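Input: a single structure, listed below in structure tokens.
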Amino acid sequence: MGSQETSLELLSVDLIINILVKLSEKDLIRCKCVSKEWHRIITHVCVPRLSVEAPVSGVYFRIAQLPGSLGHLTTYSPQKVKKLLFDHIKSDDSVHIMDGAPLKDEKSGFEGMSYASILPFDHRGPDFLDCCNGLLLFVHRPKPRFYVCNPAIKQCVPIPLPPPTLHLPSLYASLAFDPSESIHYRIVILSLTTQPQYLLIFCSQTGEWMTHEVQVRLPVPYECFRMVRHCVYFKGMLYRLSLPDKILCIDLESKTIHIIASPDERNISLPRGCFGVLAGSLSYAKREYGHLWVWLLDNHSKQGEWILKYKIAFSHIYELALSLYFATFTIWIHTFAFHPKSNIIFLGSARSLMMYDLSSGHMELVQSNAISDIHCGSLFSLFTYRHTLITLKSWCRTPNDLDNSEEVQDDWCFTEQ
């Protein structure tokens with residue numbers, strides 16, 4: 001050929017992208033070294049596309065040990081005995097551990113508990129704060145020092161210490177990350193029980209914490225904020241079901257907060273309902289009056305109108321659960337979480353975790369427990385996990401910098417690993 005152009009240079013960008021996304025993960029990462037343009041295409045186009053298309057491959061959840069003083073609890077135990085169990089689970093973090101389970105036919109894409117090998121400290125269940133589209137958030141007390149992990153590429157990065165004015169327990173921190181929007185993530189801490197009230201947001205693009213004053217009127221007592229600590233991120237908004245009958249809606253762009261009522265606002269018995277993204281829509285589920293009720297939130301309505309989508313007799317669900325996993329001490333079954341891409345809900349008892357397809361009525365077992373372990377999904381979030389190849393940016397020079405000086409955040413250098 002007389003032209004000096006190589007065959008690669010003759011390819012259009014669209015064709016290069018279509019070829020690259022068909023490569024294995026290892027080969028795709030290696031191709032970043034071909035040129036600056038390929039590095040940009042792979043980082044900002046190929047990896048986000050693959051991350052968005054990745055299936056839900058597993059779940060993370062808390063487990064607590066059943067205290068012997070409570071005896072054997074069953075579905076038919078008195079309500080006061082069940083309340084003792086709830087009080088024990090929510091008040092004693094020392095009995096909590098994190099566990100994970102792959103979903104059927106997705107075992108190759110679930111890294112499970114591999115994050116334990118890349119965390120620089122020995123963690124407990126309460127140190128696991130959030131999982132959002134493949135990224136995990138941890139905290140190491142008492143500083144608090146936050147860490148973000150990507151188990152898919154075995155990477156863990158420390159986050160600069162938040163401002164010293166932070167007094168709110170770090171359990172209220174959440175991740176906001178969606179690869180379809182950006183390769184960058186945010187850590188959000190909501191402080192509403194202090195004056196002034198504020199949002200504290202860390203942005204991975206800038207490596208800085210920013211404080212934004214907000215105003216929200218809260219009911220009394222504030223203790224209700226201790227119950228549900230996890231936020232659901234969806235299309236630029238964080239949603240938090242932590243008030244007795246309300247959902248906090250946090251707009252991360254305008255830095256404003258408003259409140260909408262939950263569908264079961266007239267019945268606030270424990271455990272509370274389940275809130276999350278079901279098949280691409282914000283949804284709420286609750287077991288009440290012998291049925292499982294599932295509502296979808298109409299985002300076109302200014303006040304957040306709830307539309308009833310499913311009403312299923314719980315006796316039917318209970319029969320399916322018993323056919324999959326029989327245990328003498330079943331306790332009770334509640335909704336733990338939603339599948340963000342399918343019409344599937346995660347249901348759990350003390351001993352077992354199951355998936356139920358709302359469309360087909362099919363149920364399958366995900367995981368079963370030992371006799372002394374109890375699923376905490378009714379009080380603490382169950383997190384769905386999706387594989388992502390997003391590379392995390394780090395702001396520290398070496399891991400030792402974290403331990404040698406409390407002033408290390410004055411010397412962060414911004415590099416991409």
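Heavy-atom basis, side chains included; hydrogens, waters and symmetry copies ignored. Position 1 is the first residue of the sequence, and the numbers go up from there. Everything quoted here is computed from the prediction, not taken from an experiment.
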Q: Spell out, as yes or no, whether a donor-acceptor pair under 3.5 Å connects the side chain of His291 to the backbone of Trp293.
A: no
Q) Any donor-acceptor pair under 3.5 Å linking the side chain of Ser182 with the backbone of His184? A) yes
Q.
Set out, in order, the CA-CA distance, both residues' side-chain angles and the distance that settles side-chain hydrogen bond (donor to acceptor under 3.5 Å, both in side chains) for Tyr385 and Glu111, then state yes or no.
A. CA-CA 9 Å; Tyr385 173 79; Glu111 286 73 28; 2.5 Å; yes
Q | Stepwise side-chain hydrogen bond (donor to acceptor under 3.5 Å, both in side chains) check, Ser114 with Ser117 | A | CA-CA 6 Å; Ser114 62; Ser117 63; 5.7 Å; no
Q.
I want to know whether Phe146 and Phe202 have ring centres closer than 6.0 Å.
A. no
Q: Walk me through it: do Asp130 and Leu136 pass the test side chain to side chain contact (heavy atoms under 4.5 Å, CB included)?
A: CA-CA 6 Å; Asp130 202 358; Leu136 280 56; over 6 Å; no
**Q.** Pair Thr256-Ser254, side-chain hydrogen bond (donor to acceptor under 3.5 Å, both in side chains): steps then yes or no
**A.** CA-CA 5 Å; Thr256 57; Ser254 64; 2.7 Å; yes
Q: Kindly compute the distance separating CG (Leu248) from CD1 (Ile250), expressed to the nearest 0.5 Å.
A: 6.0 Å
Q. Ring centres of Phe121 and Tyr147 under 6.0 Å apart?
A. yes
Q | Cationic N near anionic O, under 4.0 Å, Arg141 to Asp127 | A | yes
Q. For Ser359 and Asn343, does a side-chain donor sit closer than 3.5 Å to a side-chain acceptor?
A. yes
Q: Nearest 0.5 Å please: distance from the NZ atom of Lys309 over to the CG atom of Leu297.
A: 14.0 Å
Q: Say whether Glu181 and Tyr233, considering side chains only, have a donor N or O and an acceptor N or O under 3.5 Å apart.
A: yes
**Q.** Aromatic ring proximity Phe338/Phe275, centre distance under 6.0 Å
**A.** no
Q. Quick check: does any side chain N or O of Gln155 sit under 3.5 Å from a backbone N or O of Leu392, one acting as donor and the other as acceptor?
A. yes
Q. So, do His362 and Tyr356 have ring centers that fall under 6.0 Å from each other?
A. no
Q | With Ser51, the side chain to side chain contact (heavy atoms under 4.5 Å, CB included) member among Leu135, Asn133, Ile390 | A | Ile390
(Q) Tell me if the centroids of the rings in Phe336 and Phe346 come within less than 6.0 Å of each other. (A) no
Q. Say you draw a straight line from CG of Leu119 to CE of Met113; how long is it, rounded to the nearest 0.5 Å?
A. 10.0 Å
Q. Can any side-chain N or O of Lys341 pair as donor or acceptor with the backbone N or O of Ala54 at less than 3.5 Å?
A. yes
(Q) Is the distance between the ring centroids of His123 and Tyr115 under 6.0 Å? (A) yes
(Q) Heavy-atom count check: over 12 atoms from other residues, nucleotides or ligands less than 6.0 Å from Asp27 CG? (A) yes
Q: Classify the side-chain pair Arg287/His334 by whether it contains a donor and acceptor separated by less than 3.5 Å.
A: no
Q.
Taking Ala321's backbone N and O only, do any of them form a donor-acceptor pair with Ser323's side chain (distance below 3.5 Å, no angle check)?
A. no
Q: Could you tell me the separation between the CG atom of Asn150 and the SG atom of Cys156, rounded to the nearest 0.5 Å?
A: 10.5 Å
Q: Output the distance between atom CZ (Arg186) and atom CH2 (Trp209), rounded to the nearest 0.5 Å.
A: 13.0 Å
Q.
Looking at Arg145 and Pro158, would you say the former's side chain and the latter's main chain have a donor-acceptor pair under 3.5 Å?
A. no
Q | Gap between atom OG1 of Thr211 and atom CD1 of Ile201 - 0.5 Å precision | A | 9.0 Å
Q: Measure from the side-chain N and O atoms of Tyr284 to the backbone N and O of Gly273, and report whether any donor-acceptor pair falls under 3.5 Å.
A: yes
Q: Keeping the roles fixed (side chain from Asp99, backbone from Arg62), state whether a donor-acceptor pair exists under 3.5 Å.
A: no
Q) Do side-chain atoms of Lys32 reach the backbone of Ile29 as a donor and acceptor pair under 3.5 angstrom? A) no
Q) Between Phe61 and Phe128, is a ring-ring contact (aromatic ring centres under 6.0 Å, His included) present by the stated rule, with each step listed? A) CA-CA 10 Å; Phe61 45 85; Phe128 189 119; over 10 Å; no
